[in-house]
Amino acid sequence: MTEKFPTHNKELIGWVKKMAGLCGPDNIVWIDGSAEQKMLLEQEAEASGEIIRLNEKKLPRCFLHRTAIDDVARTEHLTFICTRRKRFAGPTNNWMPPRRAYEKAAGIFRGSMAGRTMYVIPFSMGPVGSPFSKIGVELTDSRYVVLNMLIMTRAGEAVLRQLEKGDDFTRCLHSKAGLNISKRLILHFPEDNTIWSVGSGYGGNVLLGKKCLSLRIASYIAKNEGWLAEHMLIMGIEDPHGHVEYIATAFPSACGKANLAMLLPPEGLKRKGYRIWTVGDDIAWMRIDSDGSLWAVNPESGFFGVAPGTNSHTNPNMVETIKHDTIFTNVLLKPDKTVWWEGSDGEVPPEGIDWRGRSWKPGLLDADGKPVLGAHPNSRFTAPIANCPTVSFRMEQHHGVPISAVIFGGRRQHLAPLVYESFSWEHGVFVGATMASERTAAQSGKVGEVRRDPMAMLPFCGYNMADYFRHWLSLGRRMTKPPKIFHVNWFKMDNQGKLLWPGFRENLRVLEWALERCDSKVGALKSAIGFIPRPEDLDLNGLKLSEGALEKLLEVRSKDWVEELKGIKIFFQSFKKDLPAEMWREYYALAERLRSRG
Ligand code: OXD
Ligand code: MN
């Protein structure tokens, strides 16, 4: 085994040696971030069959990867927060005591890299050297992981140099270990700044800088250091005077965050002079800066987006972004070595190789008579943010961007209006804490069932969510210029189950109202749940809504909200006495407002 270490950081050397001793690789390769090393890895991964090189003319420097068929999404039931005390992980997380977790996983890691190479990936979440960035080092036996991490993070030599300055780092260990679901574990040890992931090759489980570090571990660090690590997109909205305001927005997974982050303004607003600047599509790290307001950075440098449904109507900027230097996972391979997925541009191909690697034709049915999909519904692309036509010029700025509005959202067929504004920061935290979505046919579980997903962080908060709400409240008290907090719902339906709002680029009309509220430039109606735009407060120029749709979109039905309170109560009770008193205060205040308005 190679025993050369390109670093003087003793902690790092000691840990790499120890983990190599456990996993038993034949070889250790340090990732330096160079183009030469990347090309070599691509060639090796191609030769081993891990990736397929795509049509060099039509998709330059792009590749396709297929995961194991039972390894296609995050496995929340195998994801654990391992803290000394169970209370610390809280009622919404799976918990395992650290000793047991280390022992159990070590049994799987032991010798798992025999005959293979261990790659050492030093990576920075956020610009290298920024006081707001965090460093991680991921050890992995997967070239696919290395190639993805090179897109999703700033990885290589510059990070090692940063570590020479004695910076701390998150210890991230990953092994495919046979990709066996019965030996799959995604373990987080916030008290040790450590992540162990074994038995999976799916992005969300193995690109450890993403959900594991930037949300679960970072949320814990953020609580201790006084900032926020959130599951939010960050976008800049340039108004007709050239003034850019930034928003941070949380939606549950697969609710269109990436589409919103880079939307193309609708014709009416484009003519007015609106433009969008994309800072991030998934994660926001937010701090109170010296001006007393909230500033956000996107710690990632790539998109790991859902392919199905991505097309020139839903997201033209993403279509541009993934035309080169992109890794596709679990999509359909066409005979000309380009790719396709359900809901992509162009004709349905007459034939291809599906995400499982089998030959495919449109109309193919499985043994149960169900259509066989060409691409997996959670098939993905990994692409550099720098490819995006709307990438913000402030991406690399160490302090990030100032946030004018925080926007929460959910998928509610009948309850929540198109948009409402909270009365205060505290009320806004209640709005975020009670966020929920109804299950669609695309998810497992009962269709229409309400799933609470506070701040879209349910699967990603690395500690007790009651303490997380408390932390949000305390931040509000520290800010002199807090952002306003809004809630949006693009998914309201009429009685026939038809969407009332066209969504996609038209959503900018709602964001325009929200930002104008931040600058006190537009009116609103005070309702029991918050401030709602009056029909005349929204610019609907050039948009045709069906008869009565707008009234329905802005309607607040007390009866439905009284029913909603019952679900909120059950959810709040699950935190027992840990729930901050302010959350109950907001709950009873809402109940009282609903009662007095009938
Ligand atoms: C994601 C998710 O992949 O939220 O971003 O699941
Ligand atoms: Mn996400």
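As the structure lists them, so they are numbered: ligands from 1, and atoms in each ligand from 1. Both backbone and side-chain heavy atoms feed into the values below; hydrogens, waters and symmetry mates do not. Numbers here are sequence positions counted from 1.
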Would you say the rings of F304 and F381 are close, in the sense that their centroids are separated by under 6.0 Å? no
In short, A258 meets N315 closest at the heavy-atom pair O-ND2, 3.4 Å
The atoms of ligand 1 lying under 4.0 Å from a heavy atom of D282, numbered in the order shown, are 5 (O)
Between F328 and H65, does the ring centre distance come in under 6.0 Å?
no
Near the Mn ion (ligand 2) (protein N/O/S, cut-off 2.8 Å, waters excluded) we have K211 NZ, H231 NE2, D282 OD1
Distance col, row R53:CZ vs E42:CD, nearest 0.5 angstrom, shows 6.0 Å
Item to complete: Could you tell me whether R74 and ligand 1 have an N or O pair separated by under 3.5 Å?
Response: yes
The closest protein heavy-atom partner of atom 3 (O) of ligand 1 is R380 NH1, 3.0 Å
The closest protein heavy-atom partner of atom 5 (O) of ligand 1 is K211 NZ, 2.9 Å
Would the F109 and W196 ring centres measure less than 6.0 Å apart? yes
Between W355 and W360, does the ring centroid distance fall short of 6.0 Å? no
H487 and Y420: aromatic ring centres closer than 6.0 Å?
yes
_Taking distance alone, with N or O pairs closer than 3.5 Å, would you say H231 contacts ligand 1?_
yes
- prompt: Are the aromatic ring centres of Y220 and Y468 under 6.0 angstrom apart?
  reply: no
among protein heavy atoms, the one nearest atom 4 (O) of ligand 1 is S253 OG, 2.6 Å
Determine whether a donor-acceptor pair (N or O, by modelled atom type, separation under 3.5 Å) exists between the side chain of D192 and the backbone of T194.
no
